[in-house]
Amino acid sequence: TTTTKDNKPQAAIIMAKTENANAANPLLCLPSSTFCVCVGQFLKPHDLLSLRASSKRAVDLLNDQDDEVWKIFLMKHFGYSQPDDKVDSYSSLRSVSGASTAAGTSIFGVDPTDDILLETDSAFVAWKYWVKASYIFYRDKEQQLHAPYFLRAAMFWRSIFQWCDNADALGESIKQSLCRKGWDCNEWTRPNVPVSREFDRMAGLKAAQAVFSFCAGQERATTIDDAFSGLLGGYEAYGYYSCTRLSCDFISLGRGPPTVLSIGLCQLSMSQGLVKILTLNPTTGAMQCISGANSRCDVLNLPQREAKEDDILLWLEEYARRLGAGIFKVGTMGGNADDQQAITLYPDIPRLSSPSPILTDGRIEAVSRAVTRGVEVVASAVFVPQGARQFGFIYSVRIRILMPTETDYVSEEDRGFATCQLQSRHWEIANNSTGETNRVNGEGVIGMFPLLMEGGYIENGEECQGVFKYQSCSGRMERGGSFGGKMHFIPGSLESRTGPGFDVKLNPFALDPNPPYLY
């Protein structure tokens, strides 16, 4: 298995020379497992394909009864884990050679909205498709993809496009903003980016290559309205807006050449004088949020996790899960009906069929829910790294009267009113850094006194459908804290009471400056 002057494996040449004397060829007479271990593992994929096509004996040699040879080659060439005897199917990527430049397709020539995954019960068929996908990605280079990362990336994009298909106008806007072409190895190798010249040896880029081979992020927004269609969502309070677009570009953090990969960019923040850029380290794969010249924080804060190479996949998979579970939802930026739709990052109560959400500091839930006399209050907060010096967290409170078909519904007769109106609030904000609790009392919420009814509310004389919600800011807390309290409501309305006032509870929710996943 030494190589000749033209770098062809010597074993392949021996096979070719003795092809007409199969019976006498000792290599072709080896048991399949012996050939695989002693010879086959030194051959490159295209040599194996040429050998398999050379004769019936070669086919028999490589296609043993249990497909063991190709299972081993899947591990060796494409990073598959140890084969499990119970596994009866294998996943690969559908790819169409020569079609990778077609409009609306990934580099593999298949529209990411289609089912790009191929399921087969043959390890050889799966291996062959990975050889094809590797050639498309690397062009003429004799390198192989890391299959597990590309499979995870394909499943991520499939879930994103499925979500977009059910998200009406916003989903369509996000799909239209995605660069469907994706990046192959030529895009990763750029003359003005020194770090990209060794991209195939950068462990931190392996997972990113898989993600952006299907879609190279989103195009930059050209208008303010477009800026709200960021795939990575956002938040707003008091006229400050943030909505991050998935990006893919090498950038510089100083005056030198580009050294990191930008994977998220918030143009809205930048237009308001704040910085929010999500970056990936090409060497390690670690991700950070940059919010100033000397201000950065980790995007992943998972306990007992050391590996960083697949951080971007882990992070995006959790984001897709939250979208699918309804933890992140489509909302409006602002309280007006004509405001822009966007993915809002205030965690919400997941649908009952979904896994329970996340985000606790071990004591306080990240999203709280309380029901008092049929009035539901759901609340949560988002850490805002680009505003940490000013306000730290943006929190959202959602208030409504439950509907008859919903859990914890209380009939009008039993709750004692058809409508009720907010009169005042009492907040208790605990600061873990100081151990102190700040108590805040005030009329209404940020100057609003919503009147609730089943199915909607009235605010400033305007009747609206759905949930009343408002956003505000809390102070900076280096070690975080919690936010809770109560609101006082009047049955009927403030002008026409139908009974004594009552308190509606706001259960505490966490203010976490180091969330497990930061978006």
Side-chain angles (χ1 to χ4, degrees), residues 113 157 159-180 215 217-247 264-272 274 276 278 316 319-351 354 357 367 378-382 384 386 394-400 446 448 450 455-457 459-460 462-473 519:
T113 60
W157 282 113
S159 63
I160 289 297
F161 280 109
Q162 288 174 347
W163 181 88
C164 286
D165 288 341
N166 295 306
D168 301 325
L170 177 61
E172 185 61 29
S173 178
I174 290 174
K175 285 203 301 184
Q176 292 298 321
S177 70
L178 290 168
C179 305
R180 300 284 188 90
C215 287
Q218 292 179 275
E219 297 176 352
R220 289 208 175 196
T222 56
T223 67
I224 292 295
D225 289 351
D226 290 341
F228 286 94
S229 60
L231 175 58
L232 298 179
Y235 33 78
E236 62 91 13
Y238 298 120
Y240 168 71
Y241 299 95
S242 174
C243 195
T244 304
R245 298 174 83 79
L246 182 67
S247 62
L265 178 67
C266 183
Q267 293 175 253
L268 284 172
S269 291
M270 297 178 73
S271 69
Q272 298 170 90
L274 298 176
K276 183 182 179 182
L278 304 177
L316 289 174
Y319 184 78
R321 185 190 77 82
R322 295 187 190 186
L323 280 179
I327 297 171
F328 294 159
K329 294 181 177 178
V330 176
T332 56
M333 290 289 190
N336 299 320
D338 58 350
D339 280 345
Q340 292 293 325
Q341 281 197 326
I343 297 173
T344 56
L345 296 180
Y346 322 108
D348 208 337
I349 301 294
R351 289 190 288 269
S354 302
V367 52
V378 176
S380 57
V382 179
V384 185
Q386 68 271 32
I394 291 179
Y395 66 87
S396 171
V397 179
R398 288 83 83 185
I399 314 168
R400 64 176 180 142
I446 57 174
M448 296 186 287
Y457 61 94
E459 172 59 31
N460 290 328
E462 182 180 355
E463 184 171 340
C464 305
Q465 299 296 312
V467 181
F468 171 78
K469 49 192 172 184
Y470 84 97
Q471 285 73 239
S472 188
C473 306
Y519 296 105

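Values below: all heavy atoms of this structure, side chains included; hydrogens, waters and symmetry mates excluded.
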How far does OG of Ser173 sit from CG of Asp168, to the nearest 0.5 angstrom?
-> 12.5 Å
Partners meeting side chain to side chain contact (heavy atoms under 4.5 Å, CB included) with Ser271 (sequence neighbours left out) | none
Minimal non-hydrogen separation, Trp163 against Gly324, with atom names | CD1-N, 4.5 Å
Rounded to the nearest 0.5 Å, the CD atom of Glu236 sits from the SG atom of Cys243 at a distance of 11.0 Å
For Ser396, the side-chain hydrogen bond (donor to acceptor under 3.5 Å, both in side chains) test, sequence neighbours excluded, returns Arg398, Gln471
Shortest non-hydrogen separation from Val382 to Pro347 and the atoms involved = CG2-CD, 4.5 Å
Could you tell me whether the side chain of Trp157 reaches within less than 4.5 Å of the side chain of Leu316, counting heavy atoms only?
-> no
Quick one: list whatever passes side-chain hydrogen bond (donor to acceptor under 3.5 Å, both in side chains) with Gln162, sequence neighbours left out.
-> none
Quick one: side chain to side chain contact (heavy atoms under 4.5 Å, CB included) partners of Ala221, sequence neighbours excluded?
-> Asp226, Ala227, Arg245, Gln267
Output for pair (Ile224 CD1, Leu268 CG), nearest 0.5 Å, gives 6.0 Å
By side-chain hydrogen bond (donor to acceptor under 3.5 Å, both in side chains) - contacts of Tyr240 (at least two apart) = Ser269, Gln386
Residue set satisfying ring-ring contact (aromatic ring centres under 6.0 Å, His included) with Phe228, at least two apart, ordered chain then number -> Tyr241
Smallest heavy-atom separation, Ala320 atom then Ser159 atom, equals CB-OG, 3.5 Å
Find the distance between OG (Ser242) and CG (Leu345) and round it off to the nearest 0.5 Å.
-> 7.5 Å
Can you tell me how far CG of Asp348 sits from CZ of Phe328, rounded to the nearest 0.5 angstrom?
-> 10.5 Å
Report yes if some heavy atom in the side chain of Tyr346 is under 4.5 Å from a heavy atom in the side chain of Lys469; otherwise report no.
-> no
For the student: nearest non-hydrogen atoms of Lys329 and Ile349, plus distance = NZ-O, 4.4 Å
Considering residues at least two apart in sequence or located in another chain, which fulfil the side chain to side chain contact (heavy atoms under 4.5 Å, CB included) criterion with Asp225?
-> Thr223, Gln340
Cys164: side chain to side chain contact (heavy atoms under 4.5 Å, CB included) partners, not counting sequence neighbours = Ile160, Ile174, Lys175
Go through the structure and list residues passing side-chain hydrogen bond (donor to acceptor under 3.5 Å, both in side chains) with Asn460, not counting sequence neighbours.
-> none
Indicate the atoms forming the closest heavy-atom contact of Leu232 with Leu278, along with that distance.
-> CD1-CD1, 4.0 Å
Measure across Ile394 and Tyr235 and return the closest heavy-atom pair with its distance rounded to 0.1 Å.
-> CD1-CD1, 3.8 Å
Sorted by chain and residue number, the ring-ring contact (aromatic ring centres under 6.0 Å, His included) partners of Phe468 (sequence neighbours excluded) come out as Tyr457
State the CD1-CE distance between Ile343 and Met333, to the nearest 0.5 angstrom.
-> 9.5 Å
Side chains of Arg321 and Ile327: does their closest heavy-atom pair fall under 4.5 Å?
-> yes
Donor-acceptor pair, Glu219 side chain versus Ser177 backbone, under 3.5 Å?
-> no
Side-chain (Tyr470) to main-chain (Ile446) donor-acceptor, under 3.5 angstrom | no
